[in-house]
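Letters A, B, ... mirror the listed sequences (proteins, then strands); counts begin at 1. Just so it is clear, the values below take in all heavy atoms, side chains as well, and ignore hydrogens, waters and symmetry mates.
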Amino acid sequence: MSKELPSQYDPKDVEDRIYRMWEQSGFFNPDVCIRKKVTAKNAPVFSMVLPPPNVTGILHLGHAEMLAVQDAMVRFERMRGKRTLWIPGTDHAAIATQAKVEDTLYKKEGKTRHDLGRTDFLKRVEQFAQESHDTIVHQVKKMGSSLDWSREAYTLDEKRNLAVRTAFKQMYDAKLIYRGSRIVNWDPKLKTTVSDDEIEWREETVPFYYLQYGPFVIATARPETKFGDKYVVMHPNDKRYATYAHGQKIEIEWINGPITATIIKDKVIDMEFGTGVMTITPWHDAVDFDIAERHQLDKEQVIDYDGKLLPIAGEFAGIHIKKARPMIVEKLTQKGLLVRTDAGYTHRIATNSRGGGVIEPQIKMQWFIGVNREFRMPHSKIKGVKKEQLVTLKTLMQTAVKNKQIEIIPRRFDKVYFSWINNLRDWCISRQIWYGHRIPVWYCKERSKRGKCGESIVSITDIKSCPHCKGPVEQDPDTLDTWFSSGLWTFSTLGWPLDSARGKPKKGSDLATYHPTSVLETGYDIIFFWVARMILMSTCLIGEIPFKKVYLHGLIRDAQGRKMSKSLGNIIDPLDMIGKYGADATRLSLIIGAAPGNDMKLSEDKIRGYRNFTNKLWNIARFILLHAEEKNDTGKAKFSSKQQKQLAELAALVKKVTKHMDAFEFHHAAELLYHYTWHTFADKIIEETKPHLTGGDRGERIRAAAFLFEIYTTLIKLLHPFMPFVTEEIWAQFPTAGKKKKRLLMIERWPQENNKT
RNA sequence: GGGCGCUUAGCUCAGUGGUAGAGCGUCUCGUUUACACCGAGAAGGCCCAAGGUUCGAUCCCUUGAGCGCCCACCA
């Protein structure tokens with residue numbers, strides 16, 4: 001049989017076949033493992049969710065990395081006999097997906113979403129999402145990921161919708177979700193709000209204008225916002241302006257004529273900066289908004305939601321701010337209000353990172369999650385938080401990590417996490433786009449006999465009429481931030497809320513068995529978006545941490561060290577690499593050399609190197625199989641003292657590798673195995689053993705063959721989590737010992753450290 | 001303005017309180033029946049700088065330099 005094996009391992013021939021075999025075996029599903037007695041019923045649990053890739057396109061190497069690492073973890077734990085569950089899924093990525101479809105629609109058909117209407121447009125998005133989903137699933141399988149596909153979820157499917165509505169209602173009833181008019185990040189291009197975390201800052205050099213504002217000189221980079229400025233703010237301790245009193249009114253000449261300005265004294269003003277005086281535009285600037293709130297000042301909208309000036313701008317009304325700016329500067333110059341201009345002023349402008357435009361702060365009625373609002377925990381399994389205790393979402397998030405119930409690896413990211421929480425403002429969760437979970441709120445349109453009813457009703461199920469006055473209702477047109485549903489992921493995928501009753505998971509349900517999940521493995525770039533929000537949602541809604549450990553991997557960068565991203569267009573399709581070098585080589589190249597939390601540049605050369613290793617492993621197998629017949633008729637071989645010593649070294653290797661795996665040092669584990677396999681086993685042990693395989697007496701030959709077989713069998717098992725395809729294929733070629741029907745390598749037992757395999 | 005990371009062989013990067021490692025690349029040799037996607041061997045590094053702790057530091061501490069990232073309301 002061994003002679004039939006080609007001298008070069010061709011992954012193309014085997015990978016798809018092996019994956020089908022795994023899938024058909026059902027062993028990706030822990031229930032099947034228990035039913036077929038592969039796993040003990042009461043075995044320890046290992047569970048993990050796959051960070052759901054966005055259905056915006058194809059996978060990149062960053063995804064490939066997380067798949068390689070996570071699958072290694074999962075296969076390792078499964079081989080150790082744990083009840084192992086890894087849940088697949090995809091994310092609807094509301095804004096990004098909608099933006100992409102809108103873009104295509106406009107480019108290909110010259111239409112906007114409004115031309116199609118909400119229903120038809122959503123059909124397009126869903127179709128796109130479906131295709132994208134299929135591509136992604138195909139790619140995930142190509143990587144060899146041992147995910148339980150029977151439990152696959154989508155952030156926007158029906159079950160998750162129920163979870164979202166339930167979460168919304170629960171948080172609304174606890175007064176954590178509220179509707180309010182506050183300053184938000186408005187994207188005039190996509191016509192939606194976005195959260196603070198979705199903003200990407202871009203540096204821009206623009207002229208900086210110094211304007212005469214009555215007796216003061218104020219500076220601005222955005223003269224187009226200044227129409228509404230009727231407050232002038234300075235520090236209370238600034239001696240230069242000691243003669244002015246807080247609340248004092250002065251008459252000044254401004255862009256469109258004389259106005260009355262009011263003096264405001266506030267400590268946020270930096271006396272050192274510029275003239276130490278500024279005017280404020282509360283409707284279009286977060287800092288100004290805060291000042292206005294503190295002193296109860298008027299707020300006026302200057303720019304509309306399309307980015308055009310409103311009537312307050314007088315002659316400039318209706319003009320887009322981009323066009324209006326030079327015109328306004330021109331007018332200010334003519335009126336003699338422009339004191340001087342700094343040409344090279346760099347400041348940061350906010351853009352929507354989800355492929356949108358330049359952010360314009362606006363005051364809008366939106367839905368928020370109040371992160372500082374106190375509420376009573378209905379029940380809690382969180383260390384340091386008791387039932388009925390008064391908490392806020394911020395304190396919950398802090399407590400879970402502070403008390404080490406959740407451990408972040410590497411630890412330095414603790415700081416990042418805490419500082420994010422400290423600076424966290426209320427989370428704006430409503431979006432004005434169409435793709436996403438509809439906000440489960442209905443507004444009564446009826447005026448009852450006694451006057452307006454106008455109730456807002458939050459409901460888990462759709463409602464047709466107002467429960468108070470029976471009048472007609474209309475649903476809130478907005479959708480929810482994607483991360484609202486992603487935040488529920490660890491428990492919405494495990495059956496919440498159906499599998500829980502009165503705050504407790506039903507006995508024997510997935511929720512009871514697999515939550516909290518063991519580990520969350522993801523890139524450090526989404527700590528805020530996702531990791532923190534999962535902690536928020538899970539602790540708040542089910543009184544439980546979502547995961548015990550967070551393992552953060554670094555980012556894969558391109559050859560120039562740039563982040564790989566859709567917008568940069570420098571994405572490398574892992575499928576190309578798999579096609580050229582095989583999934584095992586691709587996986588190994590993403591694990592070795594990647595220290596936790598550190599970025600890695602990946603070159604094709606590296607992948608090729610590990611392709612060579614795959615081939616080496618294959619040829620070692622061929623060699624050993626050449627002599628396998630010798631081994632077959634042996635009973636217990638007695639190994640020489642040297643062989644025993646080498647087996648002891650192997651046992652030490654097993655121990656080290658296991659230790660590294662437990663410590664999330666996969667790069668160490670894999671590198672050790674690589675090195676041992678090639679430079680110890682192949683280069684030294686096999687070479688030393690060769691003479692004994694051909695020469696000597698029969699007993700010596702049998703012993704030599706058995707010896708190599710012994711080591712190799714162990715190695716194949718140790719390597720399986722990292723390179724599952726080639727090891728499984730080799731395993732299948734091995735002669736079965738005795739009459740036992742051979743099982744798949746993926747469910748073989750992980751080698752024990754103290755006895756020989 | 002805060003915080004974090006990085007600086008190790010030509011390139012990309014691991015790593016350790018005690019003569020320095022991997023992949024790729026370079027050079028020499030090798031038509032041995034597992035593998036040329038190979039083997040044997042070689043060259044190549046004041047482990048960013050300065051100070052400190054130590055019997056001993058690339059590793060720990062301090063300071064500095066360069067690069068990068070994240071956060072932050074300097075109009």
Side-chain angles (χ1 to χ4, degrees), chain A residues 2-3 5-10 183 196-197 199 201 208-211 218-222 225-226 229 232-234 266 268-281 285-291 345 347-348 361 410 412-420 422-425 524-525 527-528 554-555 557 559 561-563 581-582 585 588-589 591-627 665 667-668 670-672 674-675 678-679 682-683 686-687 690 693-694 708 712:
Chain A
S2 51
K3 280 169 197 149
L5 294 183
S7 69
Q8 278 191 11
Y9 169 69
D10 185 0
I183 194 147
D196 295 345
D197 294 294
I199 285 178
W201 297 91
F208 196 51
Y209 307 100
Y210 289 82
L211 309 176
I218 59 153
T220 184
R222 301 198 55 196
T225 65
K226 295 283 136 189
D229 290 16
V232 56
V233 192
M234 58 207 67
D266 194 293
V268 290
I269 298 297
D270 179 357
M271 288 188 271
E272 308 296 315
F273 187 85
T275 56
V277 178
M278 73 172 192
T279 60
I280 57 169
T281 314
D285 186 290
V287 187
D288 296 3
F289 178 84
D290 287 345
I291 297 173
Y345 177 73
H347 77 150
R348 304 190 318 155
R412 66 182 135 93
F413 287 101
D414 276 12
K415 268 194 176 176
V416 179
Y417 174 79
F418 287 124
S419 70
W420 180 79
N422 289 338
N423 294 318
L424 188 60
R425 306 160 66 122
Y524 66 77
D525 55 330
I527 296 178
F528 307 143
L555 273 33
R557 318 199 85 109
R562 296 177 307 174
K563 213 164 147 174
Y581 306 109
L588 215 50
S589 71
I591 285 182
I592 296 182
N598 282 8
D599 294 353
M600 180 172 71
K601 284 185 212 172
L602 188 71
S603 65
E604 199 168 326
D605 276 350
K606 186 175 175 186
I607 305 176
R608 189 152 36 97
Y610 291 113
R611 185 273 316 265
N612 294 353
F613 176 68
T614 312
N615 196 237
K616 183 76 183 179
L617 194 66
W618 177 254
N619 274 290
I620 297 172
R622 286 210 313 150
F623 178 75
I624 287 178
L625 285 168
L626 271 178
H627 303 277
E665 293 159 352
H667 58 310
H668 281 162
E671 182 147 15
L672 270 177
Y674 175 96
H675 208 259
W678 201 318
H679 301 299
D683 291 348
I686 290 183
E687 291 306 322
K690 271 182 181 172
L693 285 168
T694 48
L708 293 184
Y712 195 64

- OG1 (A:Thr275) and OH (A:Tyr210) are apart, to the nearest 0.5 Å, by 8.0 Å
- Item | Pairwise C1' distance, B:C38 and B:U32 [rounded to whole Å] | 12 Å
- Message: Which residues pass the salt bridge (charged side-chain N to carboxylate O under 4.0 Å, His left out) test with A:Lys226, not counting sequence neighbours?
- Response: A:Asp229
- Item | Integer-rounded Å distance: B:A34 P and A:Trp618 CH2 | 16 Å
- Task: Please identify each residue that fulfils salt bridge (charged side-chain N to carboxylate O under 4.0 Å, His left out) with A:Asp266, with sequence neighbours left out.
- Result: A:Arg294
- How would you label the contact of A:Ala594 with the nucleic acid (heavy atoms, under 4.0 Å): base, sugar-phosphate, or nothing? nothing
- Pairwise C1' distance for B:G66 and B:A49, with rounding to whole Å: 11 Å
- Message: Which residues pass the salt bridge (charged side-chain N to carboxylate O under 4.0 Å, His left out) test with A:Lys415, not counting sequence neighbours?
- Response: none
- Item | Rounded P spacing from B:C59 to B:G51 in Å | 13 Å
- Item | Sequence-distant partners of A:Trp201, side chain to side chain contact (heavy atoms under 4.5 Å, CB included), two or more places apart | A:Ile199, A:Arg348, A:Ala350
- Task: Please identify each residue that fulfils side chain to side chain contact (heavy atoms under 4.5 Å, CB included) with A:Glu665, with sequence neighbours left out.
- Result: A:His660, A:Ala663, A:His667, A:His668
- Whole-angstrom distance between B:G68 and B:C73, as gauged at atom P: 23 Å
- Any residue meeting ring pair (Phe, Tyr, Trp, His ring centres under 6.0 Å) with A:Tyr610, in chain and number order, not counting sequence neighbours: A:Tyr674
Using nucleotides 58-62 of chain B, report all nitrogen or oxygen pairs with the protein that are shorter than 3.5 Å.
none

- Could you check which nucleotide pairs with B:C38 in any of the strands shown, counting Watson-Crick or G-U wobble with both distances under 3.5 Å? B:G30
- Would you mind reading off the distance between A:Ile620 atom CD1 and B:C35 atom P, rounded to a whole angstrom? 12 Å
- Complementary nucleotide for B:C74 - Watson-Crick or wobble, under 3.5 Å: none
- Message: A:Tyr712: which residues meet the side chain to side chain donor-acceptor pair (under 3.5 Å) condition with it, sequence neighbours left out?
- Response: none
- Task: Examine distances only and state if a side-chain atom of A:Asn615 and a backbone atom of A:Arg611 form a donor-acceptor pair shorter than 3.5 Å.
- Result: no
- Mind calculating the distance between CG (A:Asp683) and P (B:A34) to the nearest angstrom? 15 Å
- Message: Taking B:C37 as the reference, what is the distance to B:C47 when you measure between their P atoms (whole Å, please)?
- Response: 37 Å
- Find out whether A:Lys690 and A:Phe623 are in side-chain contact, i.e. whether some heavy atom of one side chain is under 4.5 Å from a heavy atom of the other. yes
- Task: Using the test side chain to side chain donor-acceptor pair (under 3.5 Å), find all partners of A:Arg222 that sit at least two apart in sequence or belong to another chain.
- Result: A:Glu224, A:Glu360
- Record whether the side chain of A:Arg412 comes under 3.5 Å of the base of B:C4 through a donor-acceptor pair of N or O atoms. no
- Item | Rounded P spacing from B:A20 to B:G52 in Å | 24 Å
- Query: How many Å lie between CE on A:Met600 and C1' on B:C6, as a whole number?
  - Reply: 16 Å
- Task: Give, for atom CG of A:Asp285 and atom OG1 of A:Thr225, the distance between the pair rounded to the nearest 0.5 Å.
- Result: 8.0 Å
- Message: Can you measure A:Leu424 atom CG to B:A72 atom P for me and round it to whole angstrom units?
- Response: 10 Å
- Message: Strictly by Watson-Crick or wobble contacts shorter than 3.5 Å, is anything paired with B:A57, and which nucleotide is it?
- Response: none
- Task: Using whole Å, report how far NZ of A:Lys690 lies from P of B:U33.
- Result: 9 Å
- A:Asn422 has an atom CG; how far is it from atom P of B:G1, in whole Å? 22 Å
Please write out each protein N/O paired with an N/O of nucleotides 73-75 of chain B under 3.5 Å, distance rounded to 0.1 Å.
unit_1 : atom_1 : unit_2   : atom_2 : d
B:C74  : O2     : A:Asp270 : OD2    : 2.4
B:C74  : N3     : A:Asp270 : OD2    : 3.3
B:A75  : OP1    : A:Tyr345 : OH     : 3.0
B:A75  : OP2    : A:Tyr345 : OH     : 2.8
B:A75  : O5'    : A:Tyr345 : OH     : 2.9
B:A75  : O2'    : A:Ala219 : O      : 3.3
B:A75  : N6     : A:Asp270 : O      : 2.6
B:A75  : N6     : A:Phe273 : O      : 3.2
B:A75  : N1     : A:Asp270 : N      : 3.2

- Query: Are side-chain heavy atoms of A:Ile607 and A:Leu602 found at a separation under 4.5 Å?
  - Reply: yes
- Ignoring hydrogens and angles, are the base of B:A34 and the side chain of A:Gln8 linked by a donor-acceptor pair under 3.5 Å? no
- Query: More 5' along RNA chain B: A:Phe623 or A:Asp599, using each one's nearest nucleotide?
  - Reply: A:Asp599
- Using purine N1 to pyrimidine N3 plus N6-O4 or O6-N4 for Watson-Crick, or N1-O2 and O6-N3 for G-U wobble, each under 3.5 Å, what pairs with B:U12? B:A22
- Note on the structure: By the Watson-Crick or G-U definition, both distances under 3.5 Å, B:G66 is matched with B:C6
- Can you tell me, in whole Å, how much space there is between the P of B:A40 and that of B:G23? 12 Å
- Task: Rounded to whole angstrom, note down the C1' distance from B:G45 over to B:G10.
- Result: 11 Å
- Query: Using a cut-off of 4.0 Å on non-hydrogen atoms, how would the nucleic acid contact of A:Lys415 be classed: base, sugar-phosphate, or nothing?
  - Reply: sugar-phosphate
- Go along nucleotides 15-25 of chain B 5' to 3' and tag each nucleotide: B for a protein heavy atom under 4.0 Å from its base, S when only backbone or sugar atoms are that close, - otherwise. S------SSS-
- Task: Nearest whole angstrom, please: distance from the C1' of B:A34 to the CD1 of A:Ile624.
- Result: 9 Å
- Task: Kindly write out the residues that satisfy side chain to side chain contact (heavy atoms under 4.5 Å, CB included) with A:Ala221, not counting sequence neighbours, or none if the list is empty.
- Result: A:Val206, A:Phe208, A:Tyr345, A:His347
